[in-house]
Peer 1: 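Could you have a look at this structure, given as structure tokens, before my questions?
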Amino acid sequence: MKIEKLIQPGVIAALKKLYDFEPGDNLVQLQNTRKDFIGDITLVVFPFLKYSKKRPEDTATEIGKYLVENINEVKSYNVVKGFLNLEIDNNYWTSEVLSAWRDEYFGKIVTSEDQQELAMVEYSSPNTNKPLHLGHIRNNLLGFSISEILKANNYQVVKTNIVNDRGIHICKSMLAWQKWGNKETPENTGKKGDHLVGELYVEFNKHFKAEIAELMNNGLSQKEAEDQAPSIQEARELLRKWESGDPEVVELWKTMNGWVYKGFDITYKRLGVDFDKIYYESETYLVGKKEVLRGLKEGIFYQKEDGSVWADLTGEGLDHKLLLRSDGTSVYMTQDIGTAKMRFSEFNIDKMIYVVGNEQNYHFQVLAILLDKLGYAWGKSLHHFSYGMVELPSGKMKSREGKVVDADDLMEEMVQVARKMAEELGKLDSLSEEEAERTYEMIAMGALKYFILKVDPKKNMVFNPEESIDFNGNTGPFIQYTHARIKSVLRKASEKNIELKKEINILPEEISFKEKELMKRITLFPAVVKEAGTNYSPAVVANYCFELAKEFNQFYHDHPILAERNEPTRDLRLLISATVGKVIKSGMKLLGIEVPERM
RNA sequence: GCCUCGGUAGCUCAGUUGGAUAGAGCAACUGCCUUCUAAGCAGUAGGUCAUGGGUUCGAAUCCCGUCCGGGGUACCA
């Protein structure tokens, strides 16, 4: 039982008895006692003063006395100003840790399948004209992690990806291949497919930019130049041909997208993310178009004289939104409407979550309204999991200029650093080469993932490519290392035939401050998982894991475990160690981070 | 212009529904491996929580103004 659940009713009863006052739950403010004071949990009594009509100290004392007399687990109290610090009996903490250790699902809420809601999480959603970069990494890691967190909060989760496989951006790469590609393929160059296509995209922009400059020299405005440059005209022509099903163009499109998918698969695999269902824009945009036309027919939308279709959102305090261009082609929004329709007809979705950058807040605000207007009850309930940008010290990444941190390069560098570091420390000498490689990979990904996920998703973050991501301090490897240490102790324990006991018979007064701190920290895990789910925040889990690992390392430093002579103490320390290891492992799993047995 | 999000130590970030003396890590400096893994532990130093008001027992947190920055407001995605 959670400690708050134990104390809260007692406080309410105390207030009723002492002051004949019944507070709402939110008036009873319980918080963990700060380290500088004695106690485990603290009640803030200021809100009760107007009912007690007494000084804060006296009010606190009266309530404290009542709680000690009426709740077994409350051992003692002390009062500092308006804060009532309660000390909880140590037996409570040991029994909580014991049940955490025994509970296979500790921290998770799991019921039978028919009681679970279905959440669909869309993430990644790449364009197929360039390789994945650090921004995509944040997206993928957040999407994967939030899926794991939702599962731990009793959701059935369908991970989905909408691949933006059609449109003008692909045609730019296709055109570049036709004109300047020299018949290069991944096979004849050995290049990764998505990288090859990405190079072509940059190539296109190089020519495009030069053409614009020339046209502007000839007196055109920037806007006119951008519209009339031969490259863009040709790319548009390719798009028209694609839409009309020109076999040659469609063939090239299929081939180049195929290259890209092969490349993406490698990146996704190394990153450790996957999908249960993949949608392709080329298969959903026509559905969207149909929906928009239906909306037009039913008078939900309107058409301008040039043929373009719009939604009037002024009633919602927004602007007018384009849904179909004057030439009848669809825009981003059109496709998202189609995708949503397909998803909801295919799955019984209770909660739809879009993991998409905050630059698209407006887009999703509009999408929700449009779906609602089109008559879908679920429209309003979609959730845009909006996350901040990854920036370089010099500012935003720009893929058009090739100014990006490439996902594959970054992962490879991380592994190299991890390998070098492990070799210098001589840590993995006892492992086979294969196991060592696997561990470098695990540590490198741990460092990268933790670096990204420990930051509040809502906030922008800065990545400095000049400084490699740390492996010491508040990092993934620090937490992984803690786990490996614990595993090492457990291995040694079983070598010595020291078993984890089912009961702990330690005298409460023999429990040290740090031991108790650790036990308290362990019991917090379920609340952390829940909070992470409610707030869509892997960062909450990440920071918890760090605190837990840090406290364990402090404990480990000056508490002998196996060497401890007093058996009950040894048993408790071993139990704490094992449970911390278990919690670290499942916490890190929620972040998509594996933990090694040795490192 | 309008909408929106943000500004916490030199740097990267935490900071629960408003609570006690604002915390970590990195970088700098100093100690600790004959003992269960030193990718660790302990310590020193580092702050006008952008800024000015307001709300109250109490504000980094809530409200208003100002300054600075990001994003959006496209027949781009």
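All of these numbers come straight from a predicted model, not from anything done at the bench. To find a chain, count down the sequence lines: A is the first, B the second, and so on, and within it residues start at 1.
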Peer 1: Compare side-chain N and O positions of A/Asn358 against OP1 and OP2 of B/G72 and report whether any pair is under 4.0 Å apart.
Peer 2: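 Answer no for this pair, as no side-chain N or O of A/Asn358 is under 4.0 Å from OP1 or OP2.
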Peer 1: Just wondering, more than 12 heavy atoms not from A/Gln222 lying within 6.0 Å of its CD?
Peer 2: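 No, because the 6.0 Å sphere around CD of A/Gln222 holds 12 heavy atoms or fewer from other groups.
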Peer 1: Which value, in whole Å, describes the distance between the C1' atoms of nucleotides B/U66 and B/A22?
Peer 2: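 The answer is 25 Å between these two C1' atoms.
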Peer 1: A quick test of your reading: do over 12 heavy atoms of other residues, nucleotides or ligands sit less than 6.0 Å from NZ of A/Lys514?
Peer 2: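 Yes, NZ of A/Lys514 has more than 12 neighbouring heavy atoms, counting only those of other groups under 6.0 Å.
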Peer 1: Distance check, C1' atoms only: B/C57 and B/G25, in whole angstrom units.
Peer 2: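 B/C57 and B/G25 have their C1' atoms separated by 36 Å.
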Peer 1: Using a 3.5 Å limit on both pairing distances, list the dot-bracket string of RNA chain B from the 5' end; Watson-Crick and G-U wobble pairs count, crossing pairs take [ ], interstrand pairs take |.
Peer 2: (((((((..((((.....[...)))).(((((.......))))).....(((((..]....))))))))))))....
Peer 1: How far apart are the closest heavy atoms of A/Ser231 and A/Glu211, and which atoms are they?
Peer 2: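 Looking at all heavy atoms of both residues, the closest pair is OG-OE2, 2.5 Å.
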Peer 1: For A/Phe48 together with A/Tyr19, are the ring centres under 6.0 Å from each other?
Peer 2: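 When the ring centroids of A/Tyr19 and A/Phe48 are compared, they turn out to be at least 6.0 Å apart.
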Peer 1: Is there a side-chain contact between A/Thr33 and A/Leu86 (heavy atoms, below 4.5 Å)?
Peer 2: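 Side chain of A/Thr33 against side chain of A/Leu86, heavy atoms only: no contact under 4.5 Å found.
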Peer 1: What is the distance, rounded to the nearest whole Å, between atom CG of A/Asn472 and atom C1' of B/C41?
Peer 2: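 Distance check: A/Asn472 CG to B/C41 C1' gives 13 Å.
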Peer 1: State, yes or no, whether a side-chain contact exists between A/Met461 and A/Arg138 at a heavy-atom distance under 4.5 Å.
Peer 2: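 SC-SC contact between A/Met461 and A/Arg138 confirmed.
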Peer 1: If I take atom CG in residue A/Leu322 and atom P in nucleotide B/U73, what distance separates them, rounded to the nearest angstrom?
Peer 2: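 In whole Å, B/U73 P and A/Leu322 CG are 13 Å from each other.
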Peer 1: Among the nucleotides B/U73, B/A39, B/G71, which one has an atom lying closest to any side-chain atom of A/Glu359?
Peer 2: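 The nucleotide sitting nearest to the side chain is B/G71.
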Peer 1: When the P atoms of B/A45 and B/A24 are compared, how many Å lie between them, rounded to an integer?
Peer 2: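 Per the computed distance, 13 Å lies between those P atoms.
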Peer 1: When rounded to the nearest Å, what value does the distance between C1' atoms of B/C3 and B/A74 take?
Peer 2: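 To the nearest whole Å, 16 Å.
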Peer 1: Using a 4.0 Å heavy-atom cut-off, does A/Gln480 contact any base of the nucleic acid, only the sugar-phosphate backbone, or nothing at all?
Peer 2: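 Nothing, no heavy atom under 4.0 Å.
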Peer 1: Is A/Glu517 paired with A/Lys520 through a side-chain N to carboxylate O contact shorter than 4.0 Å?
Peer 2: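 Salt bridge between A/Lys520 and A/Glu517, a charged N being under 4.0 Å from a carboxylate O: yes.
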Peer 1: For nucleotides 28-38 of chain B, give me one character per nucleotide, 5' to 3': B if any protein heavy atom sits under 4.0 Å from the base, S if the only such contacts are to the sugar-phosphate, - if neither.
Peer 2: --------BBS
Peer 1: With heavy atoms under 4.0 Å as the rule, sort A/Asn361 into base, sugar-phosphate or nothing.
Peer 2: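 Nothing, no nucleic acid heavy atom in range.
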Peer 1: Map A/Glu547 and A/Glu467 onto RNA chain B by nearest heavy atom, then report which one ends up closer to the 5' terminus.
Peer 2: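 The answer here is A/Glu467.
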Peer 1: Nearest-nucleotide wise, let me know which of A/Asn127 and A/Leu428 is further upstream toward the 5' end of RNA chain B.
Peer 2: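 That would be A/Leu428.
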Peer 1: Can you check B/C33 for me, syn or anti if syn means within 90° of 0?
Peer 2: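 Chi for B/C33 falls in the syn range.
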Peer 1: Using a cut-off of strictly less than 4.0 Å, decide whether A/Gln554 has a side-chain nitrogen or oxygen near OP1 or OP2 of B/A42.
Peer 2: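 For B/A42, OP1 or OP2 has a side-chain N or O of A/Gln554 closer than 4.0 Å.
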Peer 1: Strictly under 4.0 angstrom, non-hydrogen atoms only: write out the protein contact profile of nucleotides 15-20 of chain B, one letter per nucleotide from the 5' end, B, S or -.
Peer 2: ----BB
